[in-house]
Amino acid sequence: MPVTALHHFTIRCTPDELPPLVDFYTRVMRLTVGARPEIPAPGAWLYADGQPIVHLYAHLSTPDGPGDADEPVTGHVDHISFRSRGLAEMREHLRALDIPFAEAPIPGWAIHQLFLHDPRGLKIEMTFWMDLEEGSAA
């Protein structure tokens, strides 16, 4: 089975909303700010027990406005991510079902992502840890 667990969820916000969100999730929820790859918009990854479970992505220009014009508006949740395994098999499966997807390897990290959308337009990320993949080849 390719999906093994919920990996994280991402909240979209404006750069001005980022500090109060970080404050809430660190002070109230007691998560900690941790490592985050180079991403072209401000944000933070908030960790619990070494796992980044809440991602904040400050790419909106207005608080409830659309982000990327090519993406459907999904409210405050930008996407949800599932920890996954079997990257090659999942690619074949999605192609066989004619499901469009995009790939996003993370430079400098052993992570490879597939992005697709559910029927309502919610972005789904599948996160594959390449050091755990058979053959370790993307």
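Every heavy atom of this structure was used, including side-chain atoms; hydrogens, water molecules and symmetry mates were not. Please read all numbers here as calculations on a predicted model, not as lab measurements.
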Heavy atoms only: give me the nearest Ser84-Glu133 pair and the separation to one decimal. O-OE2, 4.2 Å
Roughly how far, to the nearest 0.5 Å, is CD1 of Ile53 from OG1 of Thr10? 11.5 Å
Please check if any side-chain donor atom of His79 sits under 3.5 Å from a side-chain acceptor atom of His117, or the reverse. no
Atom pair CG/OG1 of Leu6 and Thr127 - distance to nearest 0.5 Å: 9.5 Å
Quick check: closest heavy atoms across Ala41 and Ala58, and the distance to 0.1 Å? CB-O, 3.9 Å
Going by heavy atoms in the side chains, are Ile80 and Ile124 under 4.5 Å from each other? yes
So do Phe101 and Met90 actually touch side chain to side chain, heavy atoms under 4.5 Å? no
Tell me, yes or no, whether the heavy-atom count around Asp23 atom CG, taken from other residues, nucleotides or ligands under 6.0 Å, exceeds 12. yes
Glu125 side chain to Phe82 main-chain N or O, any donor-acceptor pair under 3.5 Å? no
Given the rule in the side chain to side chain contact (heavy atoms under 4.5 Å, CB included) test, do Leu46 and Val33 qualify, once you have shown the distances and angles that lead to the verdict? CA-CA 5 Å; Leu46 306 170; Val33 175; 3.5 Å; yes
Looking at side-chain heavy atoms only, is the closest gap between Gln113 and Glu103 below 4.5 Å? no
Side chains of Leu87 and Leu114: closer than 4.5 Å at any heavy-atom pair? yes
Could you check if a side-chain atom of Ile39 sits within less than 4.5 angstrom of a side-chain atom of Trp45, using non-hydrogen atoms only? yes
Measure the spacing between CG of Leu21 and CG of Asp16 and express it to the nearest 0.5 Å. 11.5 Å
Please give me the minimum heavy-atom distance between Leu60 and Pro15, naming the atom from each residue. O-CD, 3.5 Å
Closest non-hydrogen atom pair between His8 and Pro52, with its separation: CB-O, 3.3 Å
Minimal heavy-atom distance between Met126 and Val3, with the atoms involved, is CE-CG2, 3.9 Å
Would you please test Ile11 and Tyr57 for side chain to side chain contact (heavy atoms under 4.5 Å, CB included) and show each step? CA-CA 6 Å; Ile11 298 171; Tyr57 185 41; over 6 Å; no
Could you check whether any side-chain N or O of Thr4 sits under 3.5 Å from a backbone N or O of Arg83, counting only pairs where one atom can act as donor and the other as acceptor? yes
In this structure, CZ of Arg91 is separated from CG of Leu94 (nearest 0.5 Å) by 10.5 Å
Answer yes or no: is there a donor N or O on one side and an acceptor on the other, between the side chain of Tyr47 and the main chain of Ala35, under 3.5 Å? yes
